[in-house]
There are 2 protein chains.
Amino acid sequence: MRPNQPSLTPAGEVKRAQPPTLRDVAEAAGVHAATASRALNPSTRRLVSAETARRVIKAAKTLGYQPNPIARSLKTAKSSTVGLVIPDLTNPLFPPIVRGIEDVLEAEGFSAWIVNTDNDPERERARIDSLRSRQVEGLIIATARVDHPFLEALHEQGVKMVLVNRRVENLEVPCVTADDATGIALAVRHLAELGHRRIAHLAGPHSTSTGVVRSRAFRHAIRDHGLEDDPSLTVECAHWNEADGATAMRELLDRDNRFTAVVAGNDLIALGCYDVFAERGISCPDEMSVVGFNDMPFIDKLRPPLTTVGVPHHDIGAEAARMLLDCIEEPDRRPRSLLLPVTLVVRDSTAPPSARPSS
Amino acid sequence: MRPNQPSLTPAGEVKRAQPPTLRDVAEAAGVHAATASRALNPSTRRLVSAETARRVIKAAKTLGYQPNPIARSLKTAKSSTVGLVIPDLTNPLFPPIVRGIEDVLEAEGFSAWIVNTDNDPERERARIDSLRSRQVEGLIIATARVDHPFLEALHEQGVKMVLVNRRVENLEVPCVTADDATGIALAVRHLAELGHRRIAHLAGPHSTSTGVVRSRAFRHAIRDHGLEDDPSLTVECAHWNEADGATAMRELLDRDNRFTAVVAGNDLIALGCYDVFAERGISCPDEMSVVGFNDMPFIDKLRPPLTTVGVPHHDIGAEAARMLLDCIEEPDRRPRSLLLPVTLVVRDSTAPPSARPSS
DNA sequence: TGATAGCCCGCACTCGTTTGCAGTCCATGC
DNA sequence: GCATGGACTGCAAACGAGTGCGGGCTATCA
């Protein structure tokens with residue numbers, strides 16, 4: 001008696017039916033398991049007669065046969081699975097990216113393992129090892145550190161991967177990012193057109209590639225518009241969050257009170273600015289304009305609603321996934337990188353500079 | 001020549017080393033693969049001599065051996081994996097729960113497959129099937145519908161599961177939720193103590209269990225405090241989001257302008273209220289108080305910062321994971337459910353009712 | 001009628017690990 | 001001296017699917 005068939009024990013009660021296996025459908029179709037395998041697999045179906053294929057497929061359907069991905073993975077060393085390495089799912093930046101990734105993976109029969117690294121390199125290495133032992137066919141890496149301790153090693157071992165929200169120099173790995181440079185340029189142009197001449201920048205940490213790209217773009221844009229190019233108007237935040245944004249803003253205000261606008265490295269840093277405005281009774285946008293970056297969900301619900309650079313997070317994820325699938329299918333293709341367009345979303349945190357100087 | 005050993009092709013170039021397998025470490029330790037397996041597995045280690053165990057473990061370490069989870073799963077029909085079914089990762093409610101779940105799973109050597117259902121039953125069924133074919137050992141289900149088309153069937157098939165943020169009647173399945181009833185009671189008490197007598201409720205959809213629990217609790221609390229118990233002061237939102245919250249709020253205002261406070265089914269619905277206040281020039285909290293539910297991230301950054309009920313999302317996830325692991329380890333334990341305590345977070349969206357009537 | 005080719009299909013092995021069973025070896029007891 | 005038992009360890013068969021190889025069958029042609 002086959003244990004994985006519904007069957008009666010001597011006592012008479014019904015034993016739990018195990019899911020049907022390939023042999024079950026083969027048996028039901030009066031055929032060998034090997035033939036059933038070929039019939040079920042579209043790419044080998046031409047090896048069996050049309051008639052038997054039909055019979056096997058029908059048997060599979062009536063039994064509700066689902067191939068066992070584990071067994072298949074063991075044999076083929078493929079898993080239809082990719083790893084998704086992010087710092088922290090709790091950061092509102094990532095969920096839309098993840099959805100974008102999953103939407104395209106799912107359409108191709110793939111799924112994603114998500115791991116959080118909390119930006120701890122040790123943890124990152126461990127999680128990636130665990131992903132690899134699970135036979136992931138590729139990696140989508142969204143951890144933003146600019147140094148790449150073992151990415152290089154992974155790449156040399158032939159691990160397929162694509163980077164999102166991050167570029168790595170001297171490494172032949174495809175990446176998809178938002179067009180940070182034009183985003184910053186749009187922000188600066190907007191402020192310049194409103195009449196601001198002295199604009200500050202709260203930069204993201206320079207240990208992240210977006211941090212350096214954005215602050216480099218800021219200096220460029222300032223010069224392009226012939227605005228006041230004062231290096232002391234840029235301060236680097238320790239992390240991409242409100243608290244460090246607030247600290248940086250305080251530092252800036254304490255040493256210079258003549259700027260009338262600030263472009264924040266991202267929305268969270270802009271939120272930090274809001275906190276400092278409240279502390280010091282600075283009114284935004286009357287006395288000080290702020291523009292953020294990312295257009296996080298609900299950022300339009302703040303008072304005032306934040307002017308910011310809109311980033312197509314879902315698309316970033318989707319494109320990254322598509323690119324990874326391409327790499328998996330044709331391993332020899334040259335890595336190409338993608339820069340996704342951003343848009344300026346003007347809301348109420350920016351206005352012309354007031355006549356009276358800011359406090 | 002073993003193909004999975006580093007080796008030289010006739011042409012002389014080094015072929016890529018495949019990860020070492022159990023037989024490799026067995027060979028290196030001068031022992032049979034079966035013995036190596038027993039030596040490496042703590043629970044069977046007592047079957048081999050201390051000396052061989054030492055040798056095998058050492059060999060495994062020097063080769064950098066990692067057991068292949070796929071092969072192990074195939075053999076043992078276990079995967080050290082659980083499925084995590086949520087409606088939409090993009091809803092800020094879920095990321096903290098997910099992190100809570102992953103934190104405890106990871107400590108036990110488990111990992112989670114996350115699937116999004118978008119609250120589509122068809123999709124939910126498909127995703128759950130796919131999870132099951134991947135041999136997940138249990139399910140954590142966070143989709144909030146009150147009807148359970150096939151949960152029952154799953155349960156009867158012996159699928160281990162725990163529900164979060166949701167209770168299901170007449171179903172012996174453990175669940176962990178926030179203490180919605182006391183949360184609502186706290187909110188009502190707070191408003192009553194501020195002096196409000198006529199309080200409205202924007203309920204979540206009654207197709208979700210939290211929707212019905214919270215609105216039942218609202219009626220209870222209103223009566224307990226001897227406040228105006230007018231059924232027309234409760235309106236049900238179509239979904240748990242801003243847009244439907246706003247619609248409900250408009251409806252309410254159009255038919256009654258004498259209430260001075262509203263308890264919203266959750267923070268998003270409260271956000272919808274804010275939108276309507278802006279539309280109609282109602283000032284909060286001067287003319288109208290609002291309290292939300294969940295204490296979403298950044299909800300304290302609104303103007304005015306929202307008074308809301310704080311829910312321990314991370315803990316909910318952690319407890320759910322722990323409970324599921326318990327079910328997996330001792331299948332016979334009686335299902336128990338957990339109600340996690342909530343706290344009222346008072347911010348600036350609530351104040352005593354003003355003397356002049358609200359518009 | 002016999003040789004040949006071509007189409008289908010089954011056999012048997014493989015992926016890496018776990019595990020029931022049986023065998024070896026040594027020490028102990030009578 | 002031989003049986004008994006205990007402590008280890010090897011053998012081989014799984015788990016479920018995929019695949020190279022060869023064999024059987026039919027059709028075609030000389």
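The shown structure was predicted, so the numbers you read here are calculated from the model rather than taken from an experiment.
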Would you kindly give the [atom1]-to-[atom2] distance between [X] and [N], to the nearest whole Å?
X: Arg72(B); N: dG16(D); atom1: CZ; atom2: P; answer: 18 Å
X: Tyr65(A); N: dG16(D); atom1: OH; atom2: C1'; answer: 7 Å
X: Asp24(B); N: dG16(C); atom1: CG; atom2: P; answer: 9 Å
X: Glu51(B); N: dC8(D); atom1: CD; atom2: P; answer: 12 Å
X: Ile70(B); N: dA17(D); atom1: CD1; atom2: P; answer: 14 Å
X: Asn41(A); N: dA17(D); atom1: CG; atom2: C1'; answer: 10 Å
X: Leu22(B); N: dC15(D); atom1: CG; atom2: P; answer: 19 Å
X: Arg54(A); N: dC8(C); atom1: CZ; atom2: P; answer: 15 Å

Using a 4.0 Å heavy-atom cut-off across all strands, classify [X] as base, sugar-phosphate, or nothing.
X: Leu74(B); result: base
X: Leu47(B); result: base
X: Ser37(A); result: base
X: Thr44(A); result: nothing

Is it true that [Y] and [X] share a donor-acceptor pair across their side chains at a distance under 3.5 Å?
X: Ser111(B); Y: Arg134(A); answer: yes
X: Glu124(B); Y: Thr143(B); answer: yes
X: Ser49(B); Y: Thr52(B); answer: yes

Nearest to the side chain of [X], which nucleotide is it out of [options]?
X: Thr76(A); options: dG16(D), dG18(D), dC8(C); result: dG18(D)
X: Thr35(A); options: dT17(C), dA17(D), dG10(C); result: dG10(C)
X: His32(A); options: dT19(D), dG16(D), dC11(C); result: dC11(C)
X: Lys75(B); options: dA13(D), dG18(D), dA17(D); result: dA13(D)

With a cut-off of less than 4.0 Å, is there a side-chain N or O of [X] near OP1 or OP2 of [N]?
X: Ser49(B); N: dT9(D); result: yes
X: Arg23(B); N: dT17(C); result: no
X: Thr52(B); N: dT9(D); result: yes

- Give a yes or no on whether the backbone of Val164(B) and the side-chain of Thr177(B) come within a donor-acceptor separation of less than 3.5 Å.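 Side chain of Thr177(B) to backbone of Val164(B): no pair is present.
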- Message: For the backbone of Ala126(A) and the side chain of Ser130(A), can you confirm whether one donor and one acceptor N or O come within less than 3.5 Å of each other?
- Response: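 No.
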- Item | Option from Asn165(B), Ile86(B), Val162(B), Leu151(B) for which side-chain contact (heavy atoms from CB on, under 4.5 Å) with Ile141(B) holds |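 Of Asn165(B), Ile86(B), Val162(B), Leu151(B), side-chain contact (heavy atoms from CB on, under 4.5 Å) with Ile141(B) is met by Leu151(B) alone.
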- Answer yes when Asp118(A) and Arg99(B) have at least one side-chain N-carboxylate O distance shorter than 4.0 Å, and no when they do not.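 Salt bridge flag = yes for Arg99(B) with Asp118(A).
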- Task: May I ask you to decide whether Arg54(B) forms a salt bridge with Glu51(B), counting only side-chain N to carboxylate O separations under 4.0 Å?
- Result: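 So Arg54(B) pairs with Glu51(B) through a salt bridge.
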- Query: So what is the end-to-end bend of the helix from dT1(C)-dA30(D) to dC30(C)-dG1(D), with 5 pairs used at each end and the value given to 10 degrees?
  - Reply: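 The angle, to the nearest 10 degrees, is 70°.
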